[in-house]
Each structure stands twice: as structure tokens, then as C-alpha cells.
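To start, the structure under review is shown below, and the notes come after it.
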Number of protein chains: 2
Amino acid sequence: MPTIKDVAKLAGVSFKTVARVVNGEPSVGKDLRERVEVAIRELGYRPSLAARQLAAQKSFIIGLIVPRAGISYIARMMIAVASACREQGYQVTTETIDWRGDNYNAAESLRFASRPDAVIVAPPFCNDAVFLQGLADQGLPIVRIAGVTDAPGMVIPVHEAPISIRLVEHLIALGHTRIGMVAPPLPIRASEERLVGYRAALAAAGIAYDPDLVIRGDFNFAGGVRAVTEMLALPQRPTAVFAASDDMAAGVLAQAHKLGFRVPDDLAVAGFDDAPLARMVWPPLTTVRQPVSQIAQAAVHAAIHQRVPEVSFQHELIIRGSTNGDRQHCLDIYAF
Amino acid sequence: MPTIKDVAKLAGVSFKTVARVVNGEPSVGKDLRERVEVAIRELGYRPSLAARQLAAQKSFIIGLIVPRAGISYIARMMIAVASACREQGYQVTTETIDWRGDNYNAAESLRFASRPDAVIVAPPFCNDAVFLQGLADQGLPIVRIAGVTDAPGMVIPVHEAPISIRLVEHLIALGHTRIGMVAPPLPIRASEERLVGYRAALAAAGIAYDPDLVIRGDFNFAGGVRAVTEMLALPQRPTAVFAASDDMAAGVLAQAHKLGFRVPDDLAVAGFDDAPLARMVWPPLTTVRQPVSQIAQAAVHAAIHQRVPEVSFQHELIIRGSTNGDRQHCLDIYAF
DNA sequence: TTGTAGGCGTTATCAC
DNA sequence: GTGATAACGCCTACAA
């Protein structure tokens with residue numbers, strides 16, 4: 001493995017000049033710069049991360065903290081964060097925290113061996129003040145994706161109420177007036193806006209809010225199954241259900257099938273996330289696609305430059321067979 | 001951040017003694033060792049990875065190369081490899097390669113900035129000799145998960161024929177004689193054994209092999225849709241379909257629904273992988289669970305010690321509503 | 001614009 | 001058993 005000195009020798013310059021070229025500093029003569037670049041290519045030189053880390057007292061690593069549940073959103077986030085980091089010459093190390101219910105091993109999990117320069121914290125941990133304080137105490141700059149509570153760290157704001165309104169408006173436009181909601185587990189998280197949007201859309205359409213039609217789930221398949229079972233047993237059952245995640249929507253769908261309801265004729269179903277799953281159930285799910293890669297880019301930028309960029313994210317309403325009756329398979333390859 | 005010298009000063013020993021304690025070398029007196037351990041705890045000292053990397057000329061990092069498609073298998077593999085590495089004091093960096101069809105950017109993708117000490121290569125790349133040679137040329141030790149072709153690197157052998165036989169036997173025991181197969185895309189990969197097992201089980205039961213009933217898919221949902229469409233149009237249609245992945249099985253299932261076939265009454269369906277998806281479609285899929293974490297552990301061991309451990313892996317047949325008629329939701333939380 | 005000295009926190013080598 | 005001393009490859013000063 002060639003070192004900076006090998007390059008310097010071959011190019012006939014001091015190693016500091018090579019370092020300047022490598023780091024893109026402007027103060028290098030054109031001819032020297034070219035000689036150095038040729039030598040670098042010749043030798044296939046790549047700077048040693050370890051040496052840079054040691055000398056610069058920076059790791060060039062961004063930590064990413066995600067839950068172990070909810071694969072598709074995580075996978076998308078991991079991939080998006082990784083590629084955003086790479087563009088900036090950084091690496092990612094992902095810390096996957098077991099999250100079952102509310103019982104997870106907080107700050108202790110976070111003794112990153114790699115000593116990241118900053119950490120990006122995804123939901124739901126981005127709203128756990130104790131957990132975040134533990135990170136802050138380690139002196140780590142923190143970026144919270146979709147943070148809503150009062151806690152240490154920069155926040156990448158994500159607002160889901162407007163798109164949720166549009167989704168419910170879509171259901172209302174189809175003629176539904178009894179619309180159930182499988183809501184997010186806890187009020188203290190960004191996803192609560194999905195419920196807020198639901199209520200706003202109903203109100204705007206002059207439909208009374210019926211608390212019996214709102215049941216909180218746990219973002220898992222099982223939560224959807226349970227919630228819809230309960231709803232369908234009501235004297236005035238819903239004719240449409242909006243689940244706050246695709247996993248829960250899949251539970252709603254499966255249970256509807258099991259109970260013999262036809263979708264969307266007897267019961268319309270909509271989800272949230274546009275997980276791969278959404279296209280693989282039958283009928284495919286109407287849902288909302290999150291701008292994950294934009295969010296990831298903003299988070300990485302904030303992590304590296306200690307400043308949240310000013311951007312607004314564009315969610316997308318995706319209408320499929322589970323609501324509008326146009327029963328086609330979605331055969332596109334899933335784009336992360 | 002305390003250094004080894006801070007610890008040494010506090011403990012009143014030379015920093016080399018501290019290093020000996022940290023690295024678990026036996027040649028340290030009992031009293032000194034305890035003094036050092038106390039000092040380490042006192043200061044919350046953790047050795048700097050960067051410095052170790054630089055001095056030892058090792059990165060303590062294992063590279064993992066996975067395709068971008070097929071989320072659940074990847075996610076499980078990533079998590080399993082990461083935790084196996086952590087147990088050994090190593091880190092992982094995952095390189096996700098875009099793989100659509102056969103057109104991926106091979107060796108170029110692999111200039112790991114982190115200079116891993118070894119790389120673990122998952123399917124399908126583990127059977128691409130050119131690709132692997134590119135890695136080998138970089139001087140990287142290679143571990144191939146489920147490698148079957150002749151190529152550089154150690155191989156973690158995975159055999160899927162026996163469990164495939166059991167799966168098809170299960171279908172035969174239910175009375176099926178016309179059993180279709182949505183086969184893996186290419187013969188040159190470990191998953192081909194799924195087809196081999198299919199044929200072996202049919203032969204053992206005295207059922208003639210009908211090439212019309214075997215259609216190769218691409219491991220994606222769309223492949224399952226296409227394959228089953230073709231099969232169901234045959235003069236003598238199958239009454240059961242074994243798809244070589246859960247994604248394809250989901251395609252089979254969705255298309256069966258769309259065409260009005262009842263599952264499993266009109267058509268039984270089975271998959272492979274036990275992806276989260278398998279429990280979220282209706283009816284839930286009969287499938288095969290891969291021992292991913294055992295495989296990952298073996299691979300990590302091989303990567304670190306340059307030697308493949310002698311282990312055999314235990315696949316598991318999981319029977320659900322898509323074949324046996326016991327139509328229950330599987331509500332367990334997915335265990336990676 | 002270019003080059004030199006010193007140090008970052010470990011491991012490895014060799015004395016004691 | 002224990003402890004100096006020299007690397008490891010690069011960056012940050014400062015000097016020329």
C-alpha cells in the first residue's frame with residue numbers, strides 16, 4: 001500500500017505538497033499539481049483513513065442510530081445516509097438498537113467503538129430526551145430526524161400533516177364518511193401528524209370525529225390486525241381505514257381478507273411509507289412515499305457542518321388498488 | 001478523551017503495561033494489572049481504533065458486500081454480520097451494490113475507503129469470478145457465502161437441496177401432483193439447489209418432471225407474477241407452486257388473487273427465506289427459514305482467522321396458511 | 001507557493 | 001515481568 005511519501009518521491013516534491021493536492025487546497029502550482037496527480041494515479045495511492053483520523057483528531061465517521069424494527073424505512077435510511085456520507089468523504093457506522101415496546105437499552109448501546117464525529121438519530125429514539133442526553137454527555141453533536149420533543153441536538157423537521165390530509169381527502173372523495181385510523185403508538189413523535197392530518201381532513205369535510213374509529217397501533221403488522229378487528233365489530237363499521245404505516249395497513253388488509261371483506265369494495269385501506277411490502281400485497285396499497293433520501297442528505301449535511309440546511313421535503317401520495325379500484329400490480333423495481 | 005498514557009500515569013506504571021492489560025497479555029503481575037484496571041474504569045478509557053489501526057497495520061474492519069435488492073435477506077445478513085463482528089472486536093462496513101439484472105459496476109465499486117482486513121461477499125456476487133478476482137487483486141482475503149463456482153476466496157458452503165426436498169414433500173403429502181416451480185434466475189448459484197431439491201422430491205415420489213411447470217424468475221415480485229400467469233394458462237395447470245423466494249411467492253399469491261384463485265384451496269403456494277413479508281400477506285406463506293446468523297458467524301470467523309470453521313447449518317421448514325389450510329395470522333415480532 | 005519539525009495514540013522491538 | 005524507543009501515515013503549525 002503506497003504512502004504519501006512514495007507519491008512525493010515519485011513526483012519529486014515534498015510530501016506536504018502531495019497532501020495539499022489530496023485535500024484540494026488551492027495553494028499549489030499547476031504543474032506540480034499535475035505531476036502529483038499523475039503519481040497518485042500511477043501508484044493507486046489512497047490516503048490512510050486511520051492516519052488522517054489520528055492526526056486530525058477527527059474520525060470522518062457519522063454514526064447512525066436506528067431501531068431494529070420496521071425494516072424498509074430503516075433500510076432506505078441506511079442506504080441514503082451512507083451514500084450521502086460517501087459524497088462528502090465520510091463513512092457511516094450504523095448502530096441498530098433493539099426496540100420492542102419501550103424497553104431498550106439506551107445510552108449504553110452507544111459506546112461507538114468508532115468514535116463518530118456526530119450522530120444521526122432516527123425515530124423513535126430522536127424523541128427520547130434521556131437517551132439523547134446520554135449522547136450529548138459523550139460530547140457528540142446530534143442530529144435528530146423528525147424530532148418534535150425538547151431535547152439536545154439539531155432537528156431535521158419533517159411534517160406529515162399536509163400529506164396525511166391529502167390522503168384522507170382522497171378517501172373522502174371516494175365517498176367514504178366512516179373512516180377508521182390505526183394511529184401511531186404515542187403522541188410524542190413526528191408521526192403523530194398523521195393523526196393530526198386525519199382529524200383536519202375530516203373536520204374540513206364536515207365529518208364528525210368519532211374516537212371509536214381511532215385505535216393506536218404499534219407500527220407492526222399485528223397492530224393492524226387487532227385494530228381492524230375491533231373496528232369492524234363496531235355497530236357502524238368503517239368503510240375505509242387509514243393505517244399510519246404500511247406494516248399496519250398490511251395487517252388491516254390481511255384481517256379483512258380473513259374475515260371475508262373485499263378490498264376495496266367492502267373496505268378501502270391506505271398505509272404510509274411506501275414500503276416494498278405495499279406493492280406486494282393484494283391489492284397493492286395506496287400509501288405515502290417519504291422523501292427519505294432528501295431527509296438523509298439534510299441530516300448528513302447537518303452532522304458534518306453543524307448546521308441544518310434550509311430545505312423542505314416533498315411527500316408523495318401514491319394511489320393503488322387498495323382504495324381506487326384500479327386493480328393493477330405495481331411491477332416496478334423498488335427504488336430505495 | 002483519555003489516552004493510554006493518562007491511564008499509565010494514574011496507575012503509576014508505564015503505558016506499555018497498560019497496553020498489555022488492555023490486550024489481555026498474560027505477562028503482567030496481578031497487583032499491577034488490578035491497578036491498571038481500576039485506572040481504566042476511573043477514566044472511562046477506551047483505546048483509539050485509529051491509533052491501533054495505524055500502529056498494527058490492520059483496520060479491524062470486515063467489509064461486507066451485498067446486493068441492493070432483496071431487502072430482508074440483506075437486512076438480516078447485515079445485522080447478523082455486524083453483531084458477529086462486534087463480538088470479536090471488529091467493525092463492519094457494508095458496501096451495497098446496485099444489482100439490476102446482470103449489470104453492475106464490479107470491482108470499481110469496491111475501493112473501500114476503510115481498507116477492510118477481509119471481505120465477506122454475499123450472493124449473487126460470491127459467484128462472479130471476475131468480480132472476485134478484482135477483489136483478490138487488491139490483496140483482500142475473501143469469504144464467499146454460499147459460493148459454488150470456481151473463484152478466489154474461502155467458501156462458506158450452504159446447501160439448500162435437502163430442505164427444498166422436504167418442502168416439496170410437504171406439498172406432495174397434501175395430495176398435489178402438478179407442482180410448479182418459480183426457479184432461481186441462473187444455474188450458477190447456490191440457490192440452484194432449490195430446483196435440484198424440487199426435482200429430487202418429485203422423482204422420489206414417482207412424479208414425472210414437466211419442464212412446462214418450471215419457469216425461472218428474477219427473485220423479484222414481478223417474476224412470480226409473470227411465472228404464475230404463464231403456468232395457470234397451461235392446459236393442465238399446477239395446483240401448487242413453489243417459488244424460490246418469498247418475494248416471488250408473493251407475486252404468485254397476488255396474481256392468484258387477482259385471477260380469482262383461492263389460496264390454498266385452488267392453488268397452494270410456498271416460498272423461501274421467511275422474509276417479514278411472508279407473514280404479512282394473506283394467507284401467510286409456507287416457507288423456509290435460513291440460518292442467517294449462523295452463516296454470518298461462520299463467515300466472520302473465516303474472515304478474521306483465515307479459516308473456515310466446520311459447521312453445518314440447519315434450515316427450517318415453516319408451514320403456514322398458504323399450503324395447509326390452517327389460516328392463522330403469524331403475529332410474532334420478526335426476529336432477525 | 002513550497003518545505004520542515006513535531007505530534008496524534010497505539011503496537012512492536014528490544015533492552016533491563 | 002516491566003519499560004524505554006522507534007515506527008505507523010498523516011495533519012497542523014511554522015518557516016523559508
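No experiment lies behind these values; they were computed from the predicted model shown. Below, read A as the first sequence line, B as the second, and so on, with proteins coming before strands; counting in each chain starts at 1.
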Can you tell me the distance, in whole Å, between the [atom1] atom of [X] and the [atom2] atom of [N]?
{"X": "B:Gln53", "N": "D:dG9", "atom1": "CD", "atom2": "C1'", "answer": "12 Å"}
{"X": "B:Arg52", "N": "C:dG9", "atom1": "CZ", "atom2": "C1'", "answer": "11 Å"}
{"X": "B:Asp6", "N": "C:dG9", "atom1": "CG", "atom2": "C1'", "answer": "10 Å"}
{"X": "A:Arg46", "N": "D:dG9", "atom1": "CZ", "atom2": "P", "answer": "14 Å"}
{"X": "A:Phe60", "N": "D:dC11", "atom1": "CZ", "atom2": "P", "answer": "7 Å"}
{"X": "B:Leu49", "N": "C:dT10", "atom1": "CG", "atom2": "C1'", "answer": "11 Å"}
{"X": "B:Lys9", "N": "D:dG3", "atom1": "NZ", "atom2": "P", "answer": "15 Å"}

Practice prompt. Show the numbers, then the answer: is there a side-chain contact (heavy atoms from CB on, under 4.5 Å) between B:Arg46 and A:Arg115?
Written response: CA-CA 10 Å; B:Arg46 284 179 309 142; A:Arg115 306 196 184 179; 4.2 Å; yes

Fill in: Donor-acceptor under 3.5 Å (A:Arg20 side chain, A:Glu25 main chain)
no

Practice prompt. Could you tell me whether a side-chain N or O of B:Thr93 sits under 3.5 Å from a main-chain N or O of B:Gly63, the two making a donor and an acceptor?
Written response: no

Fill in: Distance-only donor-acceptor test, A:Arg20 side-chain atoms vs C:dT1 base atoms, 3.5 Å
no

Response to the item:
One should read off an interatomic distance between B:Ile4 CD1 and B:Leu43 CG, to the nearest 0.5 angstrom, of 12.0 Å

Practice prompt. Would you give the length of the straight line joining atom OG1 of A:Thr96 to atom CD1 of A:Ile65, rounded to the nearest 0.5 angstrom?
Written response: 10.0 Å

Practice prompt. Verify side-chain contact (heavy atoms from CB on, under 4.5 Å) between B:Phe15 and B:Thr3, making sure each step is shown before the conclusion.
Written response: CA-CA 9 Å; B:Phe15 76 90; B:Thr3 76; over 6 Å; no

Practice prompt. Compute both the distance and the angle, then confirm whether B:Arg52 meets the cation-pi test with B:Tyr90: under 6.0 Å from the six-membered ring centre, within 45 degrees of the axis.
Written response: no

Worksheet, complete the sentence: Of A:Glu25 and A:Met1, the one whose nearest nucleotide on DNA chain D sits closer to the 5' end is A:Met1

Practice prompt. Flag the pair B:Glu95 and A:Arg86 as a salt bridge only when some basic side-chain nitrogen lies within less than 4.0 angstrom of an acidic carboxylate oxygen.
Written response: yes

Discussion item. Within the 4.0 Å heavy-atom criterion, would you say B:Tyr45 contacts the bases, only the backbone, or no part of the nucleic acid?
Written reply: sugar-phosphate

Worksheet entry | Short side-chain N/O contact to C:dT1 OP1/OP2 from A:Thr17, under 4.0 Å | no

Practice prompt. Step by step, work out the side-chain contact (heavy atoms from CB on, under 4.5 Å) result for A:Phe125 and A:Leu135.
Written response: CA-CA 11 Å; A:Phe125 311 114; A:Leu135 289 177; over 6 Å; no

Item to complete: List in numerical order all residues of residues 26-43 of chain B for which some heavy atom is under 4.0 Å away from an atom belonging to DNA chain C.
Response: none

Fill in: Residue B:Ser48, side-chain atoms from C-beta onward, closest of C:dG9, D:dG3, D:dG9
C:dG9

What protein N or O atoms touch nucleotides 6-8 of chain C N or O atoms at under 3.5 angstrom, if any, and at what distances?
residue: C:dC8; atom: O2; partner: A:Ala55; partner atom: N; Å: 3.4

